[in-house]
Each structure stands twice: as structure tokens, then as C-alpha cells.
Amino acid sequence: MTNYQTEAIRAIEVQQAAVKNRSPQWMVGEQLKNICRREPRSAELLVQDLKVEDMSITAAEKKIKAYADKHKTGNFACVTPSEADRILRKFYGLPELDVTPAPPSSEPEKKRRKIINMMDYL
């Protein structure tokens, strides 16, 4: 891990220590830590953002909650992981996740049947 990744994860864990374990704010921290582990450039941006109180994991959770409330059906609200990811990326100004499929792996060539010429044996 790069220094930025380690630093960002530490900053997130400090903020997580101030909220209840497994609370919505804590879960935001977990999702941000996963982003940091996968994307060093995003970790670098998060290190700077997390120093600002208006950019805390609690503030980010409020954005997700607002989205959930806006899309509520009766008494039920849900935000999928991909929606939460999109909201967090927009909130923190992180680059979009590259979801371009990987190029197909070079599958082993099918074994070609060797043609036997009977004349070779005569």
C-alpha cells in the first residue's frame, strides 16, 4: 500500500472511532477504505478531504441518507452499494470506477486434431 492509502485508512479509522460500530457512518468509512485499497489516486484525494469537517464520513452519510429519503417507498428506503459508491465519489470528487471489462484472456487454443496420412506409413 502507498503512504496515501495508509494515511487515508488511518484518517477514516479515527473518524470511525467517534461513531458507533456498524452505524451508517461507520459503514461509509468501510466503503471508503475499500475504495482506498483499490485506488491509490482516490486515497490521495481522500487524505485531503477527510481533514475538512464538512467532508467527514458523517457528512458523507448524510448525502446517502438524503438520497434514500428521496427514493423512499412507503416506510422503506434502500441504497444499493453501487448507488452509495456513486454518491461518495461525487461527494469527495473521486474519479469514476473503471468498469470496463477486462480483455478476454487468451484461452488455450483448442487442440487440433492431427491428420494422419496413411501413405506416410508405407
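Given the structure is predicted, the values throughout are model-derived calculations rather than measurements.
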*Taking the side chain as C-beta and beyond, is there a heavy-atom pair between Lys20 and Trp26 under 4.5 Å?*
no
*Is any side-chain heavy atom of Gln31 closer than 4.5 Å to a side-chain heavy atom of Asp85?*
yes
*Got more than 12 heavy atoms from elsewhere within 6.0 Å of NZ, Lys63?*
no
*If you measure from OG on Ser42 to CZ on Arg37, what distance do you get to the nearest 0.5 Å?*
14.0 Å
_With a 4.5 Å cut-off on side-chain heavy atoms, are Tyr92 and Leu32 touching?_
yes
*Please examine the side chains of Leu88 and Val28, heavy atoms only from C-beta on, and report whether any two atoms are closer than 4.5 Å.*
yes
*asked:* Once rounded to the nearest 0.5 Å, what's the spacing between atom NZ of Lys90 and atom OH of Tyr67?
replied: 11.0 Å
_Side-chain donor/acceptor of Thr80 to backbone N/O of Glu83, under 3.5 Å_ = yes
*Arg10 and Glu13 ion-paired at < 4.0 Å*: no
*Separation between NZ of Lys62 and CG of Asp69, rounded to the nearest 0.5 Å*: 13.0 Å
_Over all atoms of both residues, closest heavy-atom pair of Cys36 and Ile12_ = SG-CD1, 4.1 Å
*asked:* Is any side-chain heavy atom of Pro24 closer than 4.5 Å to one of Ile64?
replied: no
*Give, for atom CG of Leu46 and atom CZ of Arg41, the distance between the pair rounded to the nearest 0.5 Å.*
10.5 Å
*For the side chain of Arg89 and the backbone of Pro95, is there at least one donor-acceptor N/O pair under 3.5 Å apart?*
yes
*Rounded to the nearest 0.5 Å, how far does CD of Glu61 lie from CD1 of Ile57?*
9.5 Å
*Answer yes or no: are there more than 12 heavy-atom neighbours, outside Asn3 itself, under 6.0 Å from its atom CG?*
no
*Does the pair Gln25 and Ser56 meet the rule for a side-chain contact (heavy atoms from CB on, under 4.5 Å), with working shown?*
CA-CA 9 Å; Gln25 298 87 350; Ser56 69; over 6 Å; no
*Give, for atom CD of Glu7 and atom NZ of Lys51, the distance between the pair rounded to the nearest 0.5 Å.*
5.5 Å
